[in-house]
Amino acid sequence: MNFPLLTVTAAVPAVGAVLTAAVPAARRTAAKWLALLFSLATLALAVLVAVRFEPGGDRYQLTESHAWIRDFGVRYELGVDGIGVALIALTALLIPFVIGAGWNDADPLETNSSRWRPTQGFFALILMVEAMVIISFEATDVFLFYVFFEAMLIPMYFLIGGFGDRAHSGTDENAAAQRSYAAVKFLLYNLVGGLIMLAAVIGLYVVAGNFSLQEITAARAAGTLDMSTNTERLLFLGFFFAFAVKAPLWPLHTWLPNAMGEATAPVAVLITAVVDKVGTFAMLRFCLGLFPDASKWATPVILVLALISIVYGALLAVGQRDIKRLVAYASISHFGFIILGIFAMTSQGQSGATLYMVNHGISTAALMLVAGFLISRRGSRLIADYGGVQKVAPVLAGTFLIGGLATLSLPGLAPFVSEFLVLVGTFARYPVVGIIATVGIVLAALYTLVLYQRTMTGPVREEVSGMRDLRLREVLVVAPLIALLIGLGVYPQPLTTIVNPAVEHTMSDVKQTDPKPEVAVEAKNGEAAK
């Protein structure tokens, strides 16, 4: 029997969560180090998964398959393609930085405070989310995927509602009410999407007789899957709705600014850089894989929604007064680019979308974590409460600038490559859509540079005159992310080598080929005429 590497990769953070939660209440520091140790062990396993994955090999590798609920054809089936490998690596990479950045976020405000928030629970919940996200990227049984797609909502609910941002302008009671509202809104939106998806999952079983992604796609390819056009479209809509909520796509996005605004900065990173990626990943794996014809049928509407997300999110980011909500609306715009690349139905667009998932995760983590360090020092999330920070905390300001420049996809930084591929891939098939999408780039430059100017430049405000620069722990959290942004911006080939074969399989599923450039076609016709 082969070593169950995928199971172990998902199980290690789950075991770490249980052990961290069991640490005695007085041993908060021990709980932190234990959680960090298990997150690093998960990262090592994720690296092993990437090393053992062969880009030119089978579509799904390191597979595992065991009977789970025999009477209903549910199996414990795992397997990864290049897209799954890239996102597992992203998740495992970010969690140690999330833990390091949130080192003191769940500690009591006072040593003997009766309102002490359990540090052990905070880090245990983070590890549990990591375990559920990783197995979601590994699952090739639709029902198994659904279980963890929904289960991750529970720890996220407690992380948002129970461990909110301390930099709140209102009273403690008002802050608690805002956190509760954000957590409930997050849960309700995603539960509604999940319930609709559950109906579609049941419908898929009725049609296909099993939940195996590989068996269903094989039956479709062989022409033995009896699924009418209307049935396929209804099932597609059920799946896509749930993924669009998670993504988040306009107009199902409104939970995200509340959740990110009220959560601590590390939890905000967990939401948008890790959990939300499950939605866009699932669009590629399940929507396009299971329902290719319906995906093409829905493409025009989805492209319009993606464009609205790009422009609407960027416009609202420009007008924000709250730093964290600005990053949240910027992320809505970026997810619009990801969905645009997926449904452009070109290899460049889908490769760019996958790279965008990874690069957005790294850039948003860098920007949001530094913003969290900034907010914790000043005690305010309002942009107007800052000014001149670069003169008193140059390292903090410098890392904040690099994170911001990555957000606006500056050439030389990782997000530029992915955004460029998305726009090229979109323009090749839908030139008007590609042109409109570039508006998002201009607006990104506006909200990022204005944010930096108002917080970091100008006269030093009295309230920030004594602000400390980044500590060693904080530098160790941010520096590797900055290095990755630069490294993948200059040399993205390690990612593209892993991702491109999986994209080719997806393009084959939807029976699409890249459109030929019109210039090349005209030149060829001209040569033939001669």
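Atoms considered below: every heavy atom in the structure, side chains included; atoms not considered: hydrogens, waters and symmetry mates.
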Participant: How about Tyr60: does its OH atom have over 12 heavy atoms from other parts shown lying under 6.0 Å from it?
Facilitator: yes

Participant: When you measure from the side chain of Ser39 to the backbone N and O of Ile95, does any donor-acceptor pair fall under 3.5 Å?
Facilitator: no

Participant: Are the side chains of Met156 and Leu187 in contact, using a 4.5 Å heavy-atom criterion?
Facilitator: no

Participant: So how far is it from Thr448 OG1 to Leu326 CG, rounded to the nearest 0.5 Å?
Facilitator: 7.5 Å

Participant: Kindly indicate whether the side chain of Met456, heavy atoms from C-beta on, has any atom under 4.5 Å from the side chain of Leu396.
Facilitator: yes

Participant: Give, for atom CD1 of Ile342 and atom CZ of Phe337, the distance between the pair rounded to the nearest 0.5 Å.
Facilitator: 14.0 Å

Participant: Can a donor-acceptor pair be found, under 3.5 Å and without considering hydrogens, that links the side chain of Ser363 to the backbone of His360?
Facilitator: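 Answer holds: yes.
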
Participant: Would you say Val201 and Phe239 make side-chain contact, with heavy atoms under 4.5 Å?
Facilitator: yes

Participant: How about Phe122 and Thr264: do any of their side-chain heavy atoms sit closer than 4.5 Å?
Facilitator: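 Sidechains of Thr264 and Phe122: in contact.
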
Participant: If we ignore hydrogens and angles and just use 3.5 Å, is the side chain of Ser376 paired with the main-chain N or O of Phe373 as donor and acceptor?
Facilitator: yes

Participant: What's the verdict on side-chain contact (heavy atoms from CB on, under 4.5 Å) for Phe137 and Val80, showing C-alpha distance, side-chain angles and the deciding distance?
Facilitator: CA-CA 7 Å; Phe137 292 142; Val80 288; over 6 Å; no

Participant: Tabulate below the donor-acceptor pairs under 3.5 Å that side-chain atoms of residues 48-55 make, not counting sequence neighbours, or state none.
Facilitator:
none

Participant: Do Asn210 and Arg75 have side chains that get closer than 4.5 Å, going by heavy atoms?
Facilitator: no

Participant: Determine yes or no for a side-chain-to-main-chain donor-acceptor pair under 3.5 angstrom, with Trp255 supplying the side chain and Val245 the backbone.
Facilitator: yes

Participant: Can you tell me how far apart NZ (Lys246) and CG (Leu256) are? Round to the nearest 0.5 Å.
Facilitator: 12.0 Å

Participant: Measure the spacing between CZ of Phe420 and CD of Gln348 and express it to the nearest 0.5 Å.
Facilitator: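 If I round to the nearest 0.5 Å, the distance is 9.5 Å.
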
Participant: Which heavy atom of Ala242 sits nearest a heavy atom of Gly193, and at what distance?
Facilitator: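 Nearest pair, atom of Ala242 first, then Gly193: CB-O, 3.2 Å.
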
Participant: Any side-chain heavy-atom pair from Leu213 and Arg285 closer than 4.5 angstrom?
Facilitator: yes

Participant: For Thr506, is there any backbone N or O sitting under 3.5 Å from a side-chain donor or acceptor partner on Gln350?
Facilitator: no

Participant: Donor-acceptor pair, distance only, cut-off 3.5 Å: does the side chain of Ser309 make one with the backbone of Gly336?
Facilitator: no

Participant: To check you understand the geometry: which heavy-atom pair defines the closest contact between Val477 and Gly100, and what is its length?
Facilitator: CG2-C, 3.8 Å

Participant: Tell me if a side-chain donor or acceptor on Asp509 pairs with a main-chain N or O of Leu290 at a distance below 3.5 Å.
Facilitator: no

Participant: Considering non-hydrogen atoms only, spot the tightest contact between Ala101 and Arg473 and give its length.
Facilitator: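 That would be O-NH1, 3.8 Å.
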
Participant: The test is side-chain contact (heavy atoms from CB on, under 4.5 Å); show your working for Leu470 and Phe400 and say whether it passes.
Facilitator: CA-CA 11 Å; Leu470 294 184; Phe400 190 83; over 6 Å; no

Participant: Minimum heavy-atom separation for Gly440 to Ile310, with atom names?
Facilitator: CA-CG2, 3.7 Å

Participant: Could you walk me through whether Leu488 and Ile362 pass side-chain contact (heavy atoms from CB on, under 4.5 Å), step by step?
Facilitator: CA-CA 10 Å; Leu488 292 175; Ile362 299 171; 3.9 Å; yes

Participant: Output yes when a side-chain donor or acceptor of Thr91 lies under 3.5 Å from a complementary backbone atom of Leu87, and no otherwise.
Facilitator: yes

Participant: Any idea which heavy atoms bring Ala273 and Leu94 closest together, and the distance?
Facilitator: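 So the two residues come closest at CB-CD1, 3.7 Å.
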
Participant: Does the side-chain contact (heavy atoms from CB on, under 4.5 Å) test come out yes or no for Phe343 and Leu288, once each step is laid out?
Facilitator: CA-CA 9 Å; Phe343 285 90; Leu288 271 61; 3.8 Å; yes

Participant: For the side chain to side chain contact (heavy atoms under 4.5 Å, CB included) test, which of Asp141, Leu144, Thr140 pairs with Leu78?
Facilitator: Leu144

Participant: Given 3.5 Å as the limit, does a donor-acceptor pair link the side chain of Thr407 with the main chain of Gly403, or not?
Facilitator: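 Yes, the answer is positive, given that a donor and an acceptor are paired below the 3.5 Å cut-off.
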
Participant: Going by an N to O cut-off under 4.0 Å, is there a salt bridge joining Arg381 and Glu262?
Facilitator: yes

Participant: Contact between Val278 and Phe145 at the side-chain level, heavy atoms closer than 4.5 Å - yes or no?
Facilitator: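 Touching, per the 4.5 Å side-chain cut-off.
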
Participant: Would you say Glu77 and Ser212 are linked by a side-chain donor-acceptor pair, where the criterion is simply a distance under 3.5 Å?
Facilitator: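 Judged by distance alone, the side chains do pair up.
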
Participant: As a test of understanding, state which of Phe143, Phe286, Trp68, Tyr76 forms a ring pair (Phe, Tyr, Trp, His ring centres under 6.0 Å) with Phe211.
Facilitator: Phe143

Participant: Closer than 4.0 angstrom, basic N to acidic O: yes or no for Glu474 and Arg468?
Facilitator: no

Participant: Return the minimal non-hydrogen interatomic distance between Phe148 and Ser136, and the atom names on each side.
Facilitator: CB-OG, 3.7 Å

Participant: Indicate yes or no for a side-chain donor-acceptor contact from Thr364 to the backbone of Gly361 under 3.5 Å, with no hydrogens or angles considered.
Facilitator: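 No; judged by distance alone, with no hydrogens or angles, the pair does not exist.
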
Participant: With the side chain counted from C-beta on, respond yes when Lys277 and Phe335 share a heavy-atom pair under 4.5 Å apart, and no when they do not.
Facilitator: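 The answer is yes, as the side chains (C-beta and beyond) meet within the 4.5 Å cut-off.
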
Participant: Going from CD1 on Ile99 to CG on Asp105, what distance comes out if it is rounded to the nearest 0.5 angstrom?
Facilitator: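 It is 12.0 Å, given to the nearest 0.5 Å.
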
Participant: Measure the spacing between CG of Leu401 and OG1 of Thr455 and express it to the nearest 0.5 Å.
Facilitator: 10.0 Å

